[in-house]
Undergrad: 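Structure provided below as structure tokens; questions to follow.
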Amino acid sequence: MTVRTRVAPSPTGEPHVGTAYVALFNWVFARQYGGQFILRIEDTDRERSDSASEAMIIEALRWAGIDWDEGPDREGPCGPYRQSERGAVYRRHVRDLIDGGNAFYCFCGPDRLDALRRAQRERGETSRYDGLCAGLDPEVSASRVEAGEPHVVRMRVPPDGVCRFEDRLRGTIEIPWSQVDMQVLLKSDGFPTYHLAVVVDDHLMGITHVLRGDDWINSMPKHALLYRHFGWDMPEHAHLPLLRNPDRSKLSKRKNPTSLHYFRDVGYLPEALLNYLGLMGWSMPDEREVFGIDEMVAEFDLDRVSTGGPVFDLEKLNWLNGQYIRNLTPDQFADRVGQWTLNRDRLAQLVPLIQSRTERFIDIAPQVDYLLGERRELSADLFDHRTLTAEDCKRVLHHALAMMATVRPWDSGALMGECRALAGAMDIRLRDFLFPLFVAVSGRAAALPLFDSMAFLGPDLTRTRLRSALAALGGISKKATKRLDKDFAALARGSRDRANN
RNA sequence: GUCCCCUUCGUCUAGAGGCCUAGGACACUGGGUUUUCAUCCCAGUAACAGGGGUUCGACUCCCCUAGGGGACGCCA
């Protein structure tokens, strides 16, 4: 049996470094056994998925140096490799589950489910569906579906006992069935949920080893049950430790740069990034720390992966990257810098901003210093303003940060629209609203056009600078953060309502 | 709250019962090389979460406690 692994990202925004991490381990494992590695796009959430994100994932993984044998851009025997194009496959399998009595139609709406969950949580229980529609006569359900009533399909779950399954890294794990929800398999829009799609696709695509983040451990019973219902053998599962923020919570863009674009744009070499990711939860038998991906393939041992979640530490990555940079020949160095940001495409983004402001080329560097280099360290006095207090600045920065968590696409126009709306909602003149952002982004009160600057820097680097600006202003206490979050939510709600009217 | 997972220096880790006076790397500190800086070299600070077992012997095995994390969505 040849080894087949996969990585299955969701195209819902910037390409995440965690995707590269999981992809690396899957890739290395497959290569080591001379097997295949597959890229599958899990775009069943049609609200959040878009093709631009998919393109970014493909491009970013390629940049990182990871390739795949089959994928949406590289057809193979098990395609299509985009879940949104596999609807018929899922519906067929759901049909089988229903016919076999292992799944049922559910007509419960969000209001009832909300109330149910709230009540269960108040009673201190794990919230889960209560099975109301599980008892419906199949004939009756079928006719309601026939009549066009909105519905989902849920899986049946054993009423008691425990689910026992194997994790390659942790051994046997047991989870009581009482904790497992009657998971929705088919949403009311006809698309499958992750749980159904992942099982069907992993089986149909011949996946032999599933290496994925350990946040999936709790859903193993659902998956194990589906394999059983379908009568399929389960692939081997190994749950990799989750990358962490310095505070040990799961790595998130709210607290840290996570986009592969960030790593590319600030000048990490992809081979250094992969090397660093290879050090997360794994180590060479001889403890060598600087190694290429081919060396990793040669020495990799899945059973030496550790289970404690590693903190993603930029400092060690910086050191490693320095090692790689110093090992470049002068020619290579020049080439790599050229590929980085001193290339035509990247420079072209700058031209509209700087040309009108340039009399001699020597004027260019000082204008773009904060775009091509680290912006200067900030001190609180840089935020002195004739009308805004330091507290006002913090509020603006906090709300801008909150807004940036969801703006898409990340471009000048969208940022401007959001900032205008936010300034309006906060009842602050746009020019004043922009002041703390200019300082945060550029280190100066006046710089190249702000939204273009942000667009050039990208979301992670921009957010990193806003966070550091907030810190320079003394930071925000936990309590104040809570208050500001509330404040922002209220403003956002207000402007949404206005937009709808 | 319920369930699940995890727990060696600040961080990444080595360690699969005696090789551990717990090793390496990053960071930090000190020293050296260097016209500055950086690189480079040398040295130093720093950890087995706590408590019970098992054993002649426990960082390594078992149990409990504590701490951390995750899941609990018609998101993945």
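We name chains A, B, ... by the order of the sequence lines, and we start the count at 1 in each one.
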Undergrad: Looking at every strand, decide which applies to G322(A) at a 4.0 Å heavy-atom threshold: base, sugar-phosphate, or nothing.
TA: nothing
Undergrad: Tell me, please, which residues at least two apart from W232(A) pass ring-ring contact (aromatic ring centres under 6.0 Å, His included).
TA: H93(A), H203(A), F230(A)
Undergrad: Using a cut-off of under 3.5 Å, enumerate the N/O to N/O pairs linking the protein to nucleotides 3-8 of chain B.
TA:
unit_1: C3(B); atom_1: O4'; unit_2: Q179(A); atom_2: OE1; d: 3.2
unit_1: C5(B); atom_1: O2'; unit_2: R170(A); atom_2: NH1; d: 3.3
unit_1: C6(B); atom_1: O3'; unit_2: T307(A); atom_2: OG1; d: 3.4

Undergrad: Only one of R4(A), R6(A), R40(A) passes side chain to side chain donor-acceptor pair (under 3.5 Å) with E70(A); say which it is.
TA: R4(A)
Undergrad: Apply ring-ring contact (aromatic ring centres under 6.0 Å, His included) to F104(A) and list each qualifying residue two or more places apart in sequence or on a separate chain.
TA: none
Undergrad: What contact category does M220(A) fall into here, base, sugar-phosphate, or nothing, at under 4.0 angstrom with non-hydrogen atoms?
TA: nothing
Undergrad: Can you list the residues that meet the side-chain contact (heavy atoms from CB on, under 4.5 Å) rule with K250(A), with sequence neighbours excluded?
TA: D215(A), L242(A)
Undergrad: Atom pairs, N/O to N/O, protein against nucleotides 44-47 of chain B, distance under 3.5 Å?
TA:
none

Undergrad: Can you name the side-chain contact (heavy atoms from CB on, under 4.5 Å) partners of E236(A), sequence neighbours left out?
TA: R168(A), H209(A)
Undergrad: Base, sugar-phosphate or nothing for R304(A)? Non-hydrogen atoms, less than 4.0 Å.
TA: sugar-phosphate
Undergrad: Show me the pairs that pass salt bridge (Lys or Arg N to Asp or Glu O under 4.0 Å) and involve residues 321-337 of chain A, at least two apart or across chains.
TA: E271(A)-R336(A)
Undergrad: For a quick test of your reading: what N or O donor-acceptor pairs under 3.5 Å do the side chains of residues 13-20 of chain A make, sequence neighbours left out?
TA:
unit_1: E14(A); atom_1: OE1; unit_2: S259(A); atom_2: OG; d: 2.7
unit_1: E14(A); atom_1: OE1; unit_2: H261(A); atom_2: ND1; d: 3.1
unit_1: H16(A); atom_1: ND1; unit_2: G18(A); atom_2: N; d: 2.8

Undergrad: Using nucleotides 73-76 of chain B, report all nitrogen or oxygen pairs with the protein that are shorter than 3.5 Å.
TA:
unit_1: G73(B); atom_1: OP2; unit_2: S127(A); atom_2: OG; d: 2.7
unit_1: C74(B); atom_1: O2; unit_2: S188(A); atom_2: N; d: 2.8
unit_1: C74(B); atom_1: O2; unit_2: S188(A); atom_2: OG; d: 2.7
unit_1: C74(B); atom_1: N3; unit_2: S188(A); atom_2: OG; d: 3.2
unit_1: C74(B); atom_1: N4; unit_2: C108(A); atom_2: O; d: 3.3
unit_1: C75(B); atom_1: OP2; unit_2: K187(A); atom_2: NZ; d: 2.5
unit_1: C75(B); atom_1: O2'; unit_2: D45(A); atom_2: OD2; d: 3.0
unit_1: C75(B); atom_1: O2'; unit_2: R48(A); atom_2: NH2; d: 3.1
unit_1: C75(B); atom_1: O2; unit_2: R48(A); atom_2: NH2; d: 3.1
unit_1: A76(B); atom_1: OP1; unit_2: T44(A); atom_2: OG1; d: 2.8
unit_1: A76(B); atom_1: OP1; unit_2: K187(A); atom_2: NZ; d: 2.7
unit_1: A76(B); atom_1: OP2; unit_2: Y194(A); atom_2: N; d: 3.2
unit_1: A76(B); atom_1: O3'; unit_2: S10(A); atom_2: OG; d: 3.1
unit_1: A76(B); atom_1: O3'; unit_2: E42(A); atom_2: OE1; d: 2.9
unit_1: A76(B); atom_1: O2'; unit_2: S10(A); atom_2: OG; d: 2.8

Undergrad: What does U11(B) pair with, Watson-Crick or G-U, if both distances are under 3.5 Å?
TA: A25(B)
Undergrad: Would you mind classifying the nucleic acid contact of S249(A) as base, sugar-phosphate or nothing, using non-hydrogen atoms under 4.0 angstrom?
TA: sugar-phosphate
Undergrad: If the sugar-phosphate is the primed atoms plus P, OP1 and OP2 and the base is the rest, what is the B/S/- string for nucleotides 22-27 of chain B, using protein heavy atoms under 4.0 Å?
TA: -BBBSS
Undergrad: Going by side-chain contact (heavy atoms from CB on, under 4.5 Å), name the residues that satisfy it together with A402(A), two or more places apart in sequence or in a different chain.
TA: F488(A)
Undergrad: Under the rule for side-chain contact (heavy atoms from CB on, under 4.5 Å), what residues qualify as partners of H195(A), not counting sequence neighbours?
TA: Q183(A), T193(A), W216(A), S219(A), K222(A), H223(A)
Undergrad: Indicate whether OP1 or OP2 belonging to G67(B) is found under 4.0 Å from a side-chain N or O atom of R248(A).
TA: no
